[in-house]
Amino acid sequence: MTLGMAFTGQVMRFDQDAYWGLGIGASIVARVPFIGGRWWIFYWGDRSLPVPTLTRFFALHVFVIPE
C-alpha cells in the first residue's frame with residue numbers, strides 16, 4: 001500500500017519525472033505473463049499519455065488505496 005501511495009503520488013506532479021516514471025511502471029506491468037496487456041491498457045489508457053490516466057491515478061491515490 002505504501003508503494004502504491006508513493007507511485008500514484010509521484011504521478012500527481014505531472015512533470016517529466018512523473019511522465020518517465022509512469023512509462024517505466026507501464027513497461028513493468030506490460031511484462032506480466034497472460035494479464036500484462038490488459039493491465040497495461042488500464043494503467044496507461046492509450047498509446048500516448050492521456051488526461052484520463054492522470055484522473056485514474058488521482059482516484060487511486062485519494063479514494064482507493066487509503067481504504
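In this text, all values refer to a predicted model and were calculated from it rather than measured experimentally.
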Partner set under salt bridge (charged side-chain N to carboxylate O under 4.0 Å, His left out) for Arg38, not counting sequence neighbours:
none

Looking at side-chain heavy atoms only, is the closest gap between Leu22 and Phe7 below 4.5 Å?
yes

Contact summary for [X] and [Y], nearest pair of heavy atoms:
{"X": "Gln10", "Y": "Ala18", "answer": "O-CB, 3.4 Å"}
{"X": "Ile65", "Y": "Met1", "answer": "CG2-O, 3.7 Å"}
{"X": "Val62", "Y": "Pro66", "answer": "O-CG, 3.5 Å"}

Considering residues at least two apart in sequence or located in another chain, which fulfil the side chain to side chain donor-acceptor pair (under 3.5 Å) criterion with Asp15?
none

Working to the nearest 0.5 Å, report the span between CG of Leu60 and OG1 of Thr55.
11.0 Å

Applying a strict under-4.5 Å side-chain criterion to I, L, V, M, F, W and Y, I'd like to know whether Val11 and Ile24 cluster together.
no

